[in-house]
Enquirer: 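Next up is a structure, given as structure tokens.
Computed from a predicted structure; not experimentally measured.
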Amino acid sequence: MQTEGIDSDSNKRQKTDTQNQLPSRVIHVRNLPHLATEGELIQACAKLNGQIVRILLLEQQHQAFVQMTTVEQAQAIVDHYRSSSCLIRNRPIYFQYSGRSEVTVKSQAPQTITTSDNNSTIQEEANNILLATISNYRIPFTIEHIYQIFRTYGEVLKVVLFEKATVHKALVQMGTSESAANARRSLDGRLMFNGCNQLQISYSNLGELKVQANGPRARDFSIPSPGIPSSFNPANSPGFSKPMQSGCVVLVSNLPKDKFTPDQLFMLFGVYGDVLRVKILFNKRDNALIQFVNPQQAHLAQLYLNHLNLHGQEIQVVISKYIEVQLPLPNQPDASLTKDFSASKLHRFRNKGNPTGKDIHAPSQVLHVANIPETVSEDEIRQLFGSQQSSPPPVQFLPNKRSQAFIAMESLHTAILTLINLNNYKLGDKYLRVGFSSRAVHSVTGTDQI
């Protein structure tokens, strides 16, 4: 009898497959545990410093396809795990090359990917329209609730609420099939409210969601509705309870005591996701809880910031058992150590969905600075960033883009602190946007040529 357990012939097939299949930038991953997440795959692949372009999870088959930026990055991962084991939740995972050169998700049509072990086909239906079925229904909800829940994963175009056989349902049309797939993976099985209104997410077979007119049961968000401003945020409306997901909160330990404020931690961790709340523990000032919009962003922060050295101490970043950071009462002694950033205008990914390989980089000595006023000279930039270290650093503007530049700081630690201190710094009539770059230090020459 075959079970979901480990395939006894997997090791033999792994060696044969990787030896016979030609290298490809798409990796076929097998034997994944039940409900494996993108974050778990990212952690496994990022150990080899690869840039992931796209992940397609096939939940029913316990498989995935991971597209890397280059064939060389994929080859490094397959070669590494050919001789070293990879475990996800104590289950061995197997990597091999795919016969595909690219992972694509086509809207309104089933996607077929051919596996490289037996040339069989696996179909994953993809659509940008999702059907949400609400079970354990106890608390009434509105279109605004649904919109706020799904907008975390991308642009929400339309929402329609309806009932079928007394079961409450919602149709949600996302901007792209990729954002719909991300929302489906993240929200399926989650609770809208604490203890009730469980979401069951599946793809709809509709090609287009039709909204005849905006009303309390249907909304096309491209059409203005009377009495509802375009900037409406239901999270700020009375009685709204934000959906809580496990895995959204990270615990940061071994922080240098009294060296960081909630605002500074927001700036650093906000490089890898939109931070909602930060809490420095009152009785353990070297520990902090940081809540992200979704588990994917929390996993990215853990991936890039775990073991980072700050002021001579190596911080530890792990996923917390808590599902949210509680706000204290105003008169509590630790009130100043907790801050809510849910309405912050500094969120980097609010309008872009989850971070991608183009958006984020590991902490580095070279900073990428954007939104520089055209009237500001290179010397002014050098003096500003030089105030964070012993001497002015080299500055290299992008060709034909004087609003952006690469700046090589004197050390990684200095670059980290500079990002914390100067991101959103007002220079002239603009606010600087500072992030990490993947450029090598020696490539920043201090001239306008890159």
Enquirer: Is it true that atom CD of Q212 has more than 12 heavy atoms of other residues, nucleotides or ligands lying nearer than 6.0 Å?
Expert: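 No - once you tally the heavy atoms of other residues, nucleotides and ligands closer than 6.0 Å, there are 12 at most.
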Enquirer: Which heavy atom in A218 sits nearest to a heavy atom in V160, and how many Å separate them?
Expert: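 So the two residues come closest at CB-CG2, 4.1 Å.
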Enquirer: For N127 and Y203, indicate whether the former's side chain and the latter's backbone hold a donor-acceptor pair under 3.5 Å.
Expert: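 Checking the backbone N and O of Y203 against the side chain of N127, no donor-acceptor pair under 3.5 Å is found.
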Enquirer: Hydrogens and angles aside, do Q96 and R30 bring a side-chain donor and acceptor to less than 3.5 Å of each other?
Expert: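 On atom types as modelled, these side chains qualify, holding a pair under 3.5 Å.
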Enquirer: Return each pair, listed once, that meets side-chain hydrogen bond (donor to acceptor under 3.5 Å, both in side chains) where at least one residue sits in residues 154-164; pairs must be two or more places apart or across chains.
Expert: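 Listed once each, the pairs are K158-E208.
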Enquirer: Sequence neighbours excluded, which residues qualify as side chain to side chain contact (heavy atoms under 4.5 Å, CB included) partners of K345?
Expert: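 Listed in chain order: nothing, the list is empty.
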Enquirer: Could you check whether any side-chain N or O of N254 sits under 3.5 Å from a backbone N or O of Q316, counting only pairs where one atom can act as donor and the other as acceptor?
Expert: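 Side chain of N254 to backbone of Q316: no pair is present.
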Enquirer: Between S101 and V26, what is the shortest heavy-atom contact and its length?
Expert: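 For S101 versus V26, the nearest heavy atoms are C-CG2, 3.5 Å.
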Enquirer: Using the side chain to side chain contact (heavy atoms under 4.5 Å, CB included) criterion, which residues pair with E72? Sequence neighbours excluded.
Expert: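 Expected list: T70.
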Enquirer: Between F65 and S98, which heavy-atom pair has the shortest distance, and what is it?
Expert: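 Heavy-atom minimum between the residues: CE2-OG, 3.7 Å.
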Enquirer: Applying side chain to side chain contact (heavy atoms under 4.5 Å, CB included), can you list everything that pairs with A298, at least two apart in sequence or on another chain?
Expert: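 Side chain to side chain contact (heavy atoms under 4.5 Å, CB included) list for A298, sorted by chain: V250, F292, I319.
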Enquirer: Any donor and acceptor pair, going by atom type alone, linking the side chain of S179 with main-chain N or O of T176 inside 3.5 Å?
Expert: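 Indeed, once roles are kept as given, a pair shorter than 3.5 Å links the two residues.
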Enquirer: Could you tell me whether Y425 and Y431 have their ring centroids closer than 6.0 angstrom?
Expert: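 Ring-ring flag for Y425/Y431: false, centres at least 6.0 Å apart.
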Enquirer: Are the side chains of I360 and L300 in contact, using a 4.5 Å heavy-atom criterion?
Expert: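 The answer is yes, as the side chains (C-beta and beyond) meet within the 4.5 Å cut-off.
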Enquirer: Between R439 and V366, is there a donor-acceptor pair closer than 3.5 Å when you use the side chain of the first and the backbone of the second?
Expert: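 Pair absent, no side-chain N/O of R439 close to backbone of V366.
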Enquirer: Can a donor-acceptor pair be found, under 3.5 Å and without considering hydrogens, that links the side chain of D274 to the backbone of R348?
Expert: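 Side chain of D274 to backbone of R348, a donor-acceptor pair under 3.5 Å: yes, one is there.
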Enquirer: Any sub-3.5 Å donor-acceptor pair from Q291's side-chain atoms to V325's backbone N or O?
Expert: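 The answer is yes, because a donor-acceptor pair under 3.5 Å joins these two groups.
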Enquirer: Does Q365 use its side chain to pair, donor to acceptor, with the backbone of M409 at less than 3.5 Å?
Expert: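 Yes.
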Enquirer: Just by distance, do the side chain of S24 and the backbone of R100 share a donor-acceptor pair under 3.5 Å?
Expert: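 Yes, because the side chain of S24 sits within donor-acceptor range (under 3.5 Å) of the backbone of R100.
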Enquirer: If the condition is ring pair (Phe, Tyr, Trp, His ring centres under 6.0 Å), which residues does F385 pass it with, not counting sequence neighbours?
Expert: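 F385 satisfies ring pair (Phe, Tyr, Trp, His ring centres under 6.0 Å) with no residue once adjacent residues are dropped.
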Enquirer: Would you please name every residue forming a side chain to side chain contact (heavy atoms under 4.5 Å, CB included) with S344, sequence neighbours left out?
Expert: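 By the side chain to side chain contact (heavy atoms under 4.5 Å, CB included) rule, S344 matches F266, F341, L346, H347.
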Enquirer: Is it the case that the side chain of Y272 and the backbone of H361 share a donor-acceptor pair, with hydrogens and angles ignored and the cut-off at 3.5 Å?
Expert: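 It does hold such a pair.
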Enquirer: For residues E144 and T142, is any side-chain donor paired with an opposing acceptor at under 3.5 Å?
Expert: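 Side chains of E144 and T142: pair found under 3.5 Å.
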Enquirer: Please step through side chain to side chain contact (heavy atoms under 4.5 Å, CB included) for the pair L308 and L310, ending with a clear verdict.
Expert: CA-CA 6 Å; L308 186 68; L310 295 175; 4.0 Å; yes
Enquirer: Taking atom NZ of K401 and atom CD1 of I372, what is their separation to the nearest 0.5 Å?
Expert: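 Atom-to-atom, K401:NZ and I372:CD1 are 12.0 Å apart.
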Enquirer: Can you check whether V167 reaches I134 side chain to side chain, under 4.5 Å on heavy atoms?
Expert: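 Of all side-chain heavy-atom pairs linking I134 with V167, none is under 4.5 Å.
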Enquirer: Only one of Q200, K169, H168, Q198 passes side chain to side chain donor-acceptor pair (under 3.5 Å) with T133; say which it is.
Expert: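 Answer after filtering Q200, K169, H168, Q198: K169.
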Enquirer: Can you see whether R138 engages N136 through a side-chain donor-acceptor pair at a distance of less than 3.5 angstrom?
Expert: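 On atom types as modelled, these side chains qualify, holding a pair under 3.5 Å.
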